[in-house]
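Structure record follows, encoded as structure tokens.
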Amino acid sequence: MTVVLNTPKDFKVWRWGKHGSIGFVPTMGALHEGHAALLKQAYEDNDFVVLSIFVNPTQFNDPNDLEKYPKTWEADLALAKANGVDAVFFPKYFDMYPDNYRFKVSENSFSNVLDGAHRPGHFDGVLSVVMKLFNIVSPTRAYFGEKDYQQLTLIKDMAESFFMNLEVIPVPTVRESDGLAMSSRNQRLTAEQRALAPAIYKAITQAKSAEEAAAQLTAQGFKVDYVTDMGNRRFVAAKIGEVRLIDNVEI
Ligand code: PAF
């Protein structure tokens, strides 16, 4: 049975009754196969699986992006049930931000490059809400997709820095058969934009350099925020029309 809990207090009451490991998958809803892969891993590794669905306003630097973020509650709940989720935590803004974002978590190095350089305040919002969710859920393990590699790295580092009692588990990116990384934002693409979108994966895997990949995407009509090689990965963020997509691969 899957229970739905709406407030931190109700969630904690449920949590106190559970003895055994908790696998936690934090999301903003509009669930897809990428989220299902996180839930499957959590189910395999733990006694209980918790999913949270909260479209976190503090991580959206663009109000239009927040407003257009897809909301698919019925389908999300069905996917949760199909993947053996024990509890869905589904709070509202003031449940999560009783202080109206007076306090926040910030990082002053890796969060300023790549996506951070193009989305001011984004990672403060992500880290703050994830810290809150970790404190409410008290998971044994928390699962994050490698598609958001910068986010995953920052959350892993935050958990270590604050001596948090949990393990952050990375899960490989799930792709459509044409290579496009699964993302809730893909739902916003028109048929024409969807046909063009796999060019992102093709460019970052096939181009000889980041510059060449950026040039290929620009020539095809993308507005490229960045293609950057860092460590052993190549990162990209590019817009098709109004929809901003990100991806990364090992190089
Ligand atoms: O990756 C996401 O969906 C969000 O950034 C997260 C981790 C749920 C925080 O709001």
Side-chain angles (χ1 to χ4, degrees), residues 8 11 22-39 41-42 49-63 65-73 75-76 79-80 83 85 87-97 101 104-107 110-111 114-116 118-137 139 141-159 162 164 166-174 181-188 235 237 243-248:
F11 186 87
I22 302 264
F24 178 39
V25 179
T27 77
M28 298 203 295
L31 303 182
H32 50 68
E33 283 307 307
H35 296 113
L38 302 178
L39 291 171
Q41 192 62 51
V49 179
V50 172
L51 165 76
S52 68
I53 298 180
F54 177 63
V55 184
N56 174 36
T58 65
Q59 70 187 74
F60 285 84
N61 52 308
D62 174 359
D65 193 25
L66 171 60
E67 196 196 313
K68 298 262 169 66
Y69 204 83
K71 289 165 195 80
T72 57
W73 168 250
D76 291 353
L79 188 140
N83 283 281
V85 169
V88 181
F89 180 51
F90 185 50
K92 292 202 167 41
Y93 175 76
F94 278 108
D95 296 318
M96 291 304 287
Y97 291 96
Y101 204 34
K104 63 174 146 180
V105 180
S106 61
E107 191 268 4
F110 190 44
S111 64
L114 301 172
D115 245 40
H118 293 267
R119 303 186 67 188
H122 168 66
F123 286 114
D124 285 2
V126 170
L127 294 176
S128 301
V129 81
V130 170
M131 169 76 90
K132 285 165 183 273
L133 288 166
F134 282 175
N135 285 335
I136 295 163
V137 174
R141 301 179 185 89
Y143 296 79
F144 295 89
E146 286 184 345
K147 201 212 95 197
D148 298 298
Y149 199 85
Q150 191 177 9
Q151 165 176 284
L152 159 71
T153 307
L154 285 163
I155 291 169
K156 208 172 188 326
D157 292 352
M158 175 181 80
F162 288 94
M164 302 186 85
L166 58 97
E167 221 183 314
V168 173
I169 313 275
V171 177
T173 304
V174 180
M182 297 232 180
S183 163
S184 305
R185 288 193 168 81
N186 296 352
Q187 296 183 24
R188 290 180 51 201
F235 296 86
V243 186
R244 186 174 185 277
L245 300 175
I246 62 168
D247 201 351
N248 69 89

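When a ligand or atom number is given, it counts from 1 through the structure's own listing order. Hydrogens, waters and symmetry mates play no part in the numbers below; they use all other heavy atoms, side chains included.
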CA sep, side-chain torsions, deciding dist, call: N56, Y97, side chain to side chain donor-acceptor pair (under 3.5 Å): CA-CA 10 Å; N56 174 36; Y97 291 96; 2.7 Å; yes
Contact check, side chains of F123 and D115, non-hydrogen atoms, under 4.5 Å: yes
Residues forming a side chain to side chain contact (heavy atoms under 4.5 Å, CB included) with P91, sequence neighbours excluded: F54, F89, D95, M96
Contact atoms of ligand 1, heavy-atom distance to Q59 under 4.0 Å: 4 (C), 5 (O), 9 (C), 10 (O)
Mode of T27 contact toward ligand 1 - side chain, backbone, both, neither (heavy atoms, under 4.0 Å): backbone
Set of residues satisfying side chain to side chain contact (heavy atoms under 4.5 Å, CB included) with respect to A80, sequence neighbours excluded: L51, V85, V88
Identity and separation of the nearest protein heavy atom to atom 7 (C) of ligand 1: Q151 NE2, 3.5 Å
Close-contact set for ligand 1 against V129 heavy atoms, below 4.0 Å: 9 (C), 10 (O)
